[in-house]
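Every number for a ligand or one of its atoms is a count from 1 in the order of the listing.
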Amino acid sequence: MTCPGPRIGLFGGTFDPIHSGHVEVAEAVRAALRLDRMLVVVANDPWQKHDQPVSPPEDRFALVSAALADRPGLEASRIELDRGGPSYTVDTVRAVLADEPHAEVVMVVGADVVASIDTWHDHEALRELVTLAVVDRPGVPLVDPPPGWRSVRVDCAPVDVSSTALRSALESGEPVDGLVPDAVIRCIVERDLYAKGR
Ligand code: ATP
């Protein structure tokens, strides 16, 4: 497909904490689709996770910044933190398009997210604005997006980890080798995150 503007990837998440699976996905999609930019967008208020405690946004942003410091093609984005309030992806995409009206926006989602994408805020508007880049997630059956979404599947090396499993391993002092970048571990220790009894 030809497009007059830049191709911009948006990879949104809670990133509590960011892990090696996230980094692998962001790199793989950027390379496979030859994106001009890949923004890793930290949710300010992940409204779909209101039933669970979530670390403060600035801590999660610091972890993402640490993870991406040596990844020149990936940008930690504060756009949802700076906007404040509940993090609706449709607002984020509109803001990106306001800055770059001719951009093609590629929204990266794991297989677990695709199944429920029609529960997202204003999903009818969102699906008119983006192309989904869908990646496999170990242990999650891959389903097609609901009707009406443009989508492309991207292969990437599977990393069987979730932030939930990682938090639990960190809280109980289990090894997390290979599951999270070293720079993120250092930042977690500095900020005293995910210690037992948090
Ligand atoms: P939690 O366990 O707290 O729900 P998570 O590991 O799913 O967290 P999120 O920040 O909620 O992480 O996920 C952001 C995005 O990353 C989602 O699109 C999700 O599908 C994708 N994702 C997360 N982990 C992986 C993984 N291991 N492989 C592929 N995609 C992943």
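Taking a cutoff of 4.0 Å between a charged side-chain nitrogen and a carboxylate oxygen, Asp45 and Arg83 do not qualify as a salt bridge. The pair Arg153-Asp136 meets the salt-bridge criterion, with a side-chain N (NZ, NE, NH1 or NH2) lying under 4.0 Å from an Asp/Glu carboxylate O. Taking a cutoff of 4.0 Å between a charged side-chain nitrogen and a carboxylate oxygen, Glu58 and Arg78 qualify as a salt bridge.
Between Tyr88 and Trp120, the ring centre distance reaches or exceeds 6.0 Å.
Inclusion of Gly13 in the set of residues having an N or O under 3.5 Å from an N or O of ligand 1 is not warranted. Residue Ala111 places no N or O, backbone or side chain, under 3.5 Å from any N or O of ligand 1.
In this structure, the protein non-hydrogen atom closest to atom 3 (O) of ligand 1 is Thr164 OG1, 3.2 Å. Scanning the protein heavy atoms around atom 4 (O) of ligand 1, the nearest turns out to be Lys49 NZ, 3.1 Å.
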| message | Please evaluate residues Asp112 and Arg137 with respect to the criterion salt bridge (charged side-chain N to carboxylate O under 4.0 Å, His left out), reporting the C-alpha separation (whole Å), side-chain torsions for both, the decisive distance (0.1 Å), and the verdict. | response | CA-CA 7 Å; Asp112 53 320; Arg137 189 157 182 187; 2.9 Å; yes
| task | Go through the steps to decide whether Ser55 and Asp16 satisfy the test side-chain hydrogen bond (donor to acceptor under 3.5 Å, both in side chains), and finish with yes or no. | result | CA-CA 6 Å; Ser55 302; Asp16 190 18; 2.6 Å; yes
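Every heavy atom of Asp160 sits 4.0 Å or more from the atoms of ligand 1. At least one heavy atom of Gly12 sits under 4.0 Å from some atom of ligand 1. In this structure, Val159 has a heavy atom closer than 4.0 Å to ligand 1.
Heavy atoms of Asp112 found under 4.0 angstrom from ligand 1 belong exclusively to the side chain. With a 4.0 Å cut-off on non-hydrogen atoms, Ile18 does not touch ligand 1 at all.
Among Val184, Asp59, Leu63, Val42, the one residue that satisfies the side-chain contact (heavy atoms from CB on, under 4.5 Å) test with Phe15 is Val42.
Defined by atom type and a distance below 3.5 Å, a donor-acceptor pair is present between the side-chain atoms of Gln48 and Thr119.
The heavy atom nearest to atom 12 (O) of ligand 1, considering only His22, Gln52, Glu24, is found in His22.
Using a 4.0 Å cut-off to heavy atoms of Arg167, the atoms of ligand 1 that qualify are 3 (O).
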